[in-house]
Chemist: 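Shown below is the structure under consideration.
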Amino acid sequence: MTLSTPVLWVLFPLTMAALIGVFYQRQVLGIILTCLTAFGLSILAIFFPEDLLITIGSFEIVFTESIGFFGRQITVAVSMLPFISLIYAAAGLWAIISSLPNTPASFRPLSLAITALLTAVMGVEPFLYAALLIQTAVLASIPMLSPFSTVGEKGILRYLTLETFALPLILLAGWMLSGVETLPQDSALVGQTAVVLGLGFALWLGVFPFHSWIPMVGQSTRPNVFTFLMFIIPTTILVFSLNFLNRYTFLRTLPDLDDALRLFGTLMIVIGGFWTAFQEDLRRAFSFSVLTEIGFSLLAVSQFEQGGLTWMLMHFPVRALGFWLWGFTLTALDNYTGSLDRHSLQGIAHQYPILSAGILLSQLSIAGLPLLASFPIKSVLFNTTFIASPSQGVWSFVGNLGLFLFTLRLLASFVRSEIDSQPQNWSLHEKRYEILLVGAAILLLIAFGLFPNTILAPITETLTAFAQLQ
Amino acid sequence: MDALPTLAFIVIVITSMVILVFRDWRINAAALALQYIASFLLVNLSWPIGMAVVKLIVGWMATAAIALTCIRQNKVETSDESSASLFFRGVAGLVAILVIFVLSPTLQEQIFPELDLVIVQSGLMLLGMALMQLGTNTDPYLTIFSLLSFLSGFEIIHAGLERSTLLTGLLAIVNLGLALVGVYFIVKNNPKEAFPAQEEPGK
């Protein structure tokens, strides 16, 4: 029997998403099907044999890596499977917390469909057409970001608009790139192509000055939905961007590319960190923290010649876990308290200590506190940035301090022992599964921080798909 | 310039100006439908009619989806527009047209030498006017109309650069997806309709 990997990791989850969509109001069935599909595909991606042959007794399934589609190819290469495993695991993790009240019922099918579309992004040929799949994923995300009965779609319209603007730029850059390869480095067209391409990616990733939709959407959307989207779309776009660096020598050797990426990375960290520090709404604070994360990714890409891409890839599982914990705890706390304003959450740790600890630790992990998951990666990125440009190294460090400052303010509010002269007593109001999930995530955050090479190294195998970037 | 492409270009200028200035969905839907005919004529300069007609059909389907939803929802224009705001948008549109007229020959010469000037002008006109439309409104359906115009402008230029069935198919999906998002927002924002709960209840 012959099958192809795109059928398994693209068409099958899309079909499952359609099936789950049909029964979207049956929550338990939806969660089970989404988790089974997502975790199943994630585990299969980890253990998938390199010779593309699965033998069960006398039954043999031979896999091919490509499938024809409208005269072009969609390929899911074995070398991309570590990354594909990560995004499906993330889809499964977020499906678990879709059981939280007030989560849009469309979240489960759409999150699975978006993951399948973004998997196709990794292997469509010519790879520039992936821009259209990303746009389709963006369109699919709208109903879960703005479900019926919610108001305020201004941020979502801005998100849609800016992401749509990126599409023509990337396709145009693709056409320009085909003519640039043979030109000398000092040709005007080389610079123009780089600018068009850079603009496209800046729009996609919400890089300054196109970042305004991120806090707007973050504030008007359920945190578990928003964190999923803020993990999966930028992460996939960043990996997709490696195609350009890998295929076009002129881009790799562009003299100012690393400087420009580092500058914008630093800018994102400074803007994100500064605004996070002074936020009162926890959802907005998270949104601005996302900006710093994008900034760190840009710093990592800027150091692609010094092994920055390894750090970028190792950062993805850490980011997934941090975002997931944040999304879960914020949504749960919102359901309990009805507000995510810092003032209205004063002394909340006395009633919900586990959820409060989850929020604080996920924030500290994202900020890069020693012993937690992000620390080993962020410390290397700080070091290498400082070596490349001391001033930008200092600025990125200062910007990142904003996350710590916000966490300290949050901690002070959460543990306030007296509100309106009434002493607060400690008690545990969380449900058992919430305690279990938060506890497991905190343990994993610590394990990631203590043994980064052991746990995170497998995802760096994704780089084998990019021969020029290893 | 041949008569037909020139006529298409004039239609594009007029219809994009109409979408920019007016806020009535009936007028705008009619203008968008006309705009897609003009786009089809221009795409047909680069592509065979069989492929170019896909753009027309998809565009009309997108417009029809939004227009029919507006009819179904009895969408009424709530804003009492002053003549000053109409005048402002009109002047802004004229400035945009002027800028595009000035810029197009240079862009065509330096970046798209293989394309006819009328194709570059029409594409840029749609792109520029769509940007202007997006800057002057916050209504979801108008935002979607503007994004459809924006993509239409890009497709006119890109059709002259590359021909691909997969690309045409994917762009059709994106256009129809945008129209569906527009429909979604129109239905969602209509206070007259009662919707089934789409969020899961609290426990």
Side-chain angles (χ1 to χ4, degrees), chain A residues 24-25 27 30 69-74 98-107 124-126 128-133 135-136 138-144 146-151 153-154 156-158 160-161 164-165 167-169 171-172 174-176 178 188-189 192 196 222 335-336 431, chain B residues 107 110-112 114 123 127 130-131 134-135 137-144 146-148 150-155 157-158 160-162 164-182 184-185 187-191 193-203:
Chain A
Y24 78 99
Q25 283 182 318
Q27 193 197 57
F69 189 68
F70 276 103
R72 305 289 172 138
Q73 295 281 313
I74 292 181
S98 70
S99 63
L100 289 169
N102 301 322
T103 303
S106 59
F107 176 63
V124 70
E125 285 291 339
L128 287 161
Y129 291 1
L132 290 140
L133 294 173
Q135 178 67 18
T136 312
V138 167
L139 290 168
S141 70
I142 301 293
M144 67 185 200
S146 178
F148 281 123
S149 79
T150 60
V151 287
E153 64 267 354
K154 203 174 162 192
I156 292 161
L157 283 173
R158 190 173 295 185
L160 178 64
T161 303
T164 306
F165 283 174
L167 170 69
L169 290 170
L171 289 176
L172 197 61
W175 169 77
M176 291 167 93
S178 57
L189 198 59
Q192 287 164 1
V196 172
R222 298 294 293 167
N335 288 332
Y336 284 126
K431 295 186 179 85
Chain B
L107 272 172
Q110 291 191 353
I111 300 178
F112 308 112
E114 61 266 56
L127 290 168
L131 283 177
L134 285 163
N137 79 72
T138 51
D139 194 318
Y141 101 88
L142 268 174
T143 304
I144 300 298
S146 309
L147 288 176
L148 287 170
F150 183 82
L151 283 182
S152 186
F154 165 71
E155 285 174 50
I157 294 176
H158 199 254
L161 306 173
E162 201 172 340
S164 154
T165 319
L166 178 59
L167 186 70
T168 311
L170 288 172
L171 276 169
I173 291 172
V174 167
N175 276 294
L176 290 175
L178 268 175
L180 284 179
V181 168
Y184 180 79
F185 279 125
V187 174
K188 182 174 169 268
N189 291 340
N190 189 344
E193 292 275 340
F195 301 111
Q198 209 217 6
E199 288 182 340
E200 283 156 359
K203 287 171 188 165

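Below, chain A is the first sequence line, B the second, and so on; all start at residue 1.
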Chemist: Could you tell me which portion of B/Leu134 (side chain, backbone, both or neither) has an atom closer than 4.5 angstrom to a non-hydrogen atom of chain A?
Modeler: side chain

Chemist: May I ask you to test the A/Ile142-B/Leu180 pair for a side-chain heavy-atom distance under 4.5 Å?
Modeler: no

Chemist: Taking it one step at a time, do B/Thr143 and A/Leu160 satisfy side-chain contact (heavy atoms from CB on, under 4.5 Å)?
Modeler: CA-CA 9 Å; B/Thr143 304; A/Leu160 178 64; 5.9 Å; no

Chemist: Quick check on B/Ile144 against chain A: is it the side chain, the backbone, both or neither that has a heavy atom closer than 4.5 Å?
Modeler: side chain

Chemist: Which pair of heavy atoms, one from A/Thr164 and one from B/Phe150, lies closest together, and at what distance?
Modeler: O-CE2, 4.4 Å

Chemist: Answer yes or no: is there a side-chain heavy-atom contact under 4.5 Å between B/Ile111 and A/Trp175?
Modeler: yes

Chemist: Hey, could you give me the CG/CG distance between B/Leu147 and A/Leu139, rounded to the nearest 0.5 Å?
Modeler: 9.5 Å

Chemist: Contact part of A/Phe107 toward chain B, heavy-atom cut-off under 4.5 Å: side chain, backbone, both or neither?
Modeler: neither

Chemist: What is the minimum heavy-atom distance between B/Leu151 and A/Pro168, and which atoms define it?
Modeler: CD2-CG, 4.4 Å

Chemist: Under a 4.5 Å heavy-atom cut-off, does chain A meet the side chain of B/Val174, its backbone, both or neither?
Modeler: both

Chemist: Non-hydrogen atoms of chain B under 4.5 Å away: do they reach the side chain of A/Val124, the backbone, both or neither?
Modeler: side chain

Chemist: To the nearest 0.5 Å, tell me how far B/Leu178 CG sits from A/Gln135 CD.
Modeler: 6.0 Å

Chemist: If you compare all heavy atoms of A/Ser146 against all heavy atoms of B/Phe185, which two are closest, and at what distance to 0.1 Å?
Modeler: OG-CE2, 3.7 Å

Chemist: Determine the option with the most heavy-atom pairs under 4.5 angstrom with chain B, choosing from A/Thr161, A/Leu133, A/Leu167, A/Asn335.
Modeler: A/Thr161

Chemist: At what distance, to the nearest 0.5 angstrom, does CG of B/Leu142 lie from CG of A/Leu157?
Modeler: 11.0 Å

Chemist: The test is side-chain contact (heavy atoms from CB on, under 4.5 Å); show your working for A/Leu172 and B/Leu161 and say whether it passes.
Modeler: CA-CA 9 Å; A/Leu172 197 61; B/Leu161 306 173; 4.0 Å; yes

Chemist: Identify the heavy atoms of A/Pro147 and B/Lys188 that sit nearest to each other, and give their distance.
Modeler: O-CE, 3.0 Å

